[in-house]
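Residue numbers start from 1 in every chain, and the chains themselves are labelled A, B, ... in the order their sequence lines are given, proteins ahead of strands.
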2 protein chains.
Amino acid sequence: MASIKDVAAAAGVSVATVSRVLNDHPSVSPDARARVLGAVESLGYRPNAVARSLRTHQTRTLGLVISDVLNPYFTELARSVEEEARALGYSVIIGNADEQPEIQDHHVRTLIDRRIDGLLVSPTDGGSPLMLEAARAGTPMVFVDRWIPGVDVPVVRSDGRAAVRDLVAHLHALGHRRLAIIAGPAATTTGSERVEAFREALAAYGIALPDAYIGQGDFQAESGRRATERFLALPEPPEVVFAADNLMALGALDAIRAAGLRVPHDIGLAAFDDIPWFVHTDPPVTAIAQPTKELGRAAVRALIDRIEGRPPQSVTLPARLVVRRSCGEPEPPSPTATPTPTATPTATTSTRRNP
Amino acid sequence: MASIKDVAAAAGVSVATVSRVLNDHPSVSPDARARVLGAVESLGYRPNAVARSLRTHQTRTLGLVISDVLNPYFTELARSVEEEARALGYSVIIGNADEQPEIQDHHVRTLIDRRIDGLLVSPTDGGSPLMLEAARAGTPMVFVDRWIPGVDVPVVRSDGRAAVRDLVAHLHALGHRRLAIIAGPAATTTGSERVEAFREALAAYGIALPDAYIGQGDFQAESGRRATERFLALPEPPEVVFAADNLMALGALDAIRAAGLRVPHDIGLAAFDDIPWFVHTDPPVTAIAQPTKELGRAAVRALIDRIEGRPPQSVTLPARLVVRRSCGEPEPPSPTATPTPTATPTATTSTRRNP
DNA sequence: ATCCTCCGTGTAATCGATTCCATGACGGTT
DNA sequence: AACCGTCATGGAATCGATTACACGGAGGAT
């Protein structure tokens with residue numbers, strides 16, 4: 001593979017001049033520039049990014065460590081991150097932690113070893129020493145979706161509190177009172193926050209959230225199945241199960257089907273994180289949708305701000321409730337009108353901006 | 001960030017010795033080794049992968065360029081690729097082409113600029129000049145899933161021919177005769193092959209595949225929707241639509257629902273590529289499942305063989321039909337027996353190994 | 001005509017590792 | 001005692017770029 005020396009030789013100039021042409025430095029004569037460009041063309045020369053990075057101390061690369069690639073939510077996030085990064089002249093290297101802290105650490109370590117310019121993380125746990133150390137050492141970092149409390153790193157995430165309130169209002173209006181949740185790992189912020197939001201929303205209706213109605217999941221399908229089986233085996237099973245992510249909802253659906261029950265007739269189901277497939281499941285699943293694309297974009301911008309020396313900003317975007325049929329039929333189908341919410345806290349399907 | 005010089009200074013040895021310790025070269029005294037290791041530890045030193053790559057001409061990194069991250073099939077492939085690569089001591093950088101040749105080329109170019117050791121590609125098109133050039137220039141390369149004919153690069157893929165025959169047998173047994181397909185782009189091998197396999201399987205039953213029953217898609221949901229709308233508008237719409245990938249099947253489902261029709265009552269649906277969600281759609285979708293995980297593993301092994309100087313091998317694994325309910329009820333539910341295929345070509349749901 | 005400035009260019013240092021080669025110490029043979 | 005091979009070690013070249021610095025020539029100001 002041709003190097004800058006070959007180009008210099010072919011163009012009859014020094015490597016310095018070649019480099020100047022390539023980085024369009026002003027003081028290069030038109031003649032030299034033309035000869036260099038010609039040589040570049042005919043040799044098919046491409047600068048070696050490795051050598052360049054060594055010298056310049058920057059790779060124009062971002063690392064993105066996500067909790068689970070098989071989760072459509074993260075996949076969409078990854079896509080939007082890559083898109084925005086590409087638009088701003090950066091590449092991104094994705095690391096999939098598979099919800100395992102050791103794998104997450106492995107990725108963080110290799111990414112830092114490769115001297116990526118900055119790191120986007122959706123932490124699987126409460127914060128490994130490695131990550132804390134990296135943050136303290138000054139690696140530009142931004143948390144997306146999940147974060148680690150007490151670490152001074154900007155967070156880009158969505159706030160589901162209002163949407164969870166809307167969801168509970170919706171369920172209450174349908175007459176449901178025994179409401180259960182499949183939580184994510186308590187070590188993750190999204191794992192504990194969603195339970196708290198749910199509990200608070202329930203409290204507004206004087207409904208308690210007993211321990212038996214809190215299933216412990218790990219954001220993966222299998223755990224949703226197990227938690228749901230346990231709910232179903234209860235003397236008084238819940239009327240609705242709210243899964244804290246879409247994969248656990250899938251597992252719940254499995255368990256419900258395996259038990260020979262039907263949604264929403266025998267039991268209702270709702271999920272955090274909306275995905276295209278929820279429109280087509282049997283029945284369509286009521287879900288809380290995050291503005292995933294915007295989240296990805298905002299995260300990249302925050303990180304690049306940080307990298308390029310501008311002050312980065314934390315961003316919180318609202319999530320919204322999307323009502324479908326998995327918790328029961330919403331209203332007697334009134335042929336004309338928009339569904340009118342009752343006097344409960346705002347139950348709405350519309351997007352909210354600037355909460 | 002500490003460099004090898006800092007370590008050398010702290011340990012009171014030369015950088016050469018530090019390097020020897022780190023790459024466990026035999027001739028280092030136990031004493032020197034201990035001092036170096038101590039210094040490494042106390043400085044939190046990590047070798048700079050960029051500098052190392054520059055010197056050694058290897059990055060221990062693989063590039064993976066896939067056609068669409070939002071497609072669960074590719075997502076699963078990517079995951080298995082990364083897993084196997086990690087097990088073998090390599091990292092992988094994923095590039096998402098979004099089915100657009102220019103983006104694909106962008107990724108191939110940046111990956112080569114970073115001097116990845118090898119490239120795994122599932123080409124979006126019939127072969128851009130860039131890719132051809134890269135192959136000819138000797139970049140270690142392996143095609144996964146899709147490939148470019150006439151290029152001397154190993155291919156790891158699955159053969160759906162038998163499964164498509166099984167599918168047609170299944171449809172025929174259910175009494176369906178008007179069968180349509182939503183094809184992928186003709187420029188991709190999977191785009192054209194699946195149509196051919198379908199046409200041949202149909203021919204075995206004396207059924208033709210008229211042009212009106214071939215929808216032109218691009219492997220994305222939206223195109224599946226449009227193609228299906230066109231089918232439904234036909235004077236004699238098909239009885240079953242076979243989508244050449246799962247995303248187009250999703251689009252088809254959208255279109256069918258929008259038209260107020262029901263699957264399989266009004267129209268049947270089958271898809272290439274099975275995914276967990278197909279179990280829970282309304283109705284569960286009959287699909288052809290690829291051994292995705294094995295494909296990913298085999299591709300990585302082939303590529304690393306090529307990189308490390310062993311002769312790489314093309315691999316073809318069989319796909320298999322998974323019958324669900326989207327094309328009609330399979331059999332009158334006979335309480336005991338396994339469903340007995342009629343005298344048609346083998347209709348089976350079992351996994352086949354070594355075809 | 002002299003001097004200064006600016007411009008285009010080349011030489012060489014540098015980034016952080018690996019590795020070839022030279023060197024000196026040590027131990028074993030003869 | 002002389003010689004030789006082995007081993008641990010350090011010096012320095014190298015990978016392929018960027019960039020500070022030096023230098024010569026051209027042009028403008030005086």
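Nearest nucleotide to the N48(A) side chain, out of dC15(C), dG10(C), dA17(D): dA17(D).
One side chain, S67(A) or S122(A), offers a donor N or O that lies under 3.5 Å from an acceptor on the other. D145(B) and Y73(B) share a side-chain donor-acceptor pair at under 3.5 Å. Inspection of the N71(A) and D245(A) side chains reveals an N or O donor paired with an N or O acceptor under 3.5 Å.
Checked for salt-bridge contact, R109(A) and D113(A) miss the test: no charged N lies under 4.0 Å from a carboxylate O. Between E83(B) and R86(B) there is no salt bridge, since none of the side-chain N atoms of the basic residue sits less than 4.0 Å from a carboxylate O of the acidic one.
Taking side-chain N and O atoms only, S27(B) has no distance below 4.0 Å to OP1 or OP2 of dC7(D).
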For nucleotides 18-20 of chain D, tabulate all protein N/O to nucleotide N/O atom pairs closer than 3.5 Å, reporting atom names and distance.
{"residue": "dT18(D)", "atom": "OP1", "partner": "N23(A)", "partner atom": "OD1", "Å": "3.4"}
{"residue": "dT18(D)", "atom": "OP1", "partner": "N23(A)", "partner atom": "ND2", "Å": "3.3"}
{"residue": "dT18(D)", "atom": "OP1", "partner": "R52(A)", "partner atom": "NH1", "Å": "3.3"}
{"residue": "dT18(D)", "atom": "OP2", "partner": "S19(A)", "partner atom": "OG", "Å": "2.5"}
{"residue": "dT18(D)", "atom": "OP2", "partner": "N23(A)", "partner atom": "ND2", "Å": "3.4"}
{"residue": "dT18(D)", "atom": "O2", "partner": "R55(A)", "partner atom": "NH1", "Å": "2.3"}

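Listed here is the closest heavy atom pair of L303(B) and M141(B): CD1-N, 3.8 Å.
Note: CD (Q58(B)) to P (dC15(D)) measures 16 Å, nearest angstrom. Summarising the geometry, the separation between CG on D113(B) and C1' on dG16(D) is reported as 13 Å, rounded to the nearest angstrom. One interatomic measurement links the two molecules: CE of M1(B) to C1' of dG16(C), which rounds to 13 Å at whole-angstrom precision. Rounded to a whole Å, the CZ atom of R115(A) is 8 Å from the P atom of dG16(C). Atom NE2 of H25(A) is separated from atom P of dG8(C) by 9 Å (rounded to the nearest Å).
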**Prompt:** Is there a salt bridge (Lys or Arg N to Asp or Glu O under 4.0 Å) between E84(A) and R301(A) once you walk through the steps?
**Reply:** CA-CA 8 Å; E84(A) 182 73 6; R301(A) 283 195 299 255; 3.5 Å; yes
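Using a 4.0 Å heavy-atom criterion, one finds that V50(A) contacts no nucleic acid atom at all. Within the nucleic acid shown, A49(A) has no heavy atom closer than 4.0 Å to any nucleic acid atom. Nucleic acid contact class of S29(A) (heavy atoms, under 4.0 Å, all strands): sugar-phosphate only. Within the nucleic acid shown, H57(B) comes within 4.0 Å of sugar-phosphate atoms alone, with no base atom in reach, counting heavy atoms only.
Evaluation of the side chain to side chain donor-acceptor pair (under 3.5 Å) test over residues 87-106 of chain A, restricted to residues two or more places apart or in two chains, returns Y90(A)-E308(A), S91(A)-R114(B), D98(A)-R79(B), E99(A)-R146(A), Q104(A)-T124(A), Q104(A)-D125(A), D105(A)-S128(A).
For Q313(B), the CD atom sits in a loose shell: 12 or fewer heavy atoms of surrounding residues, nucleotides or ligands are nearer than 6.0 Å.
Place P30(B) and L54(B) on DNA chain D by their nearest nucleotides, and P30(B) ends up nearer the 5' end. Each of K5(A) and V28(B) lies near DNA chain D, and the nucleotide nearest V28(B) is the one positioned closer to the 5' end.
Paired regions of DNA chain D, where each region holds three or more successive Watson-Crick or G-U pairs whose two hydrogen-bonding distances fall under 3.5 Å, are C:1-30 with D:1-30.
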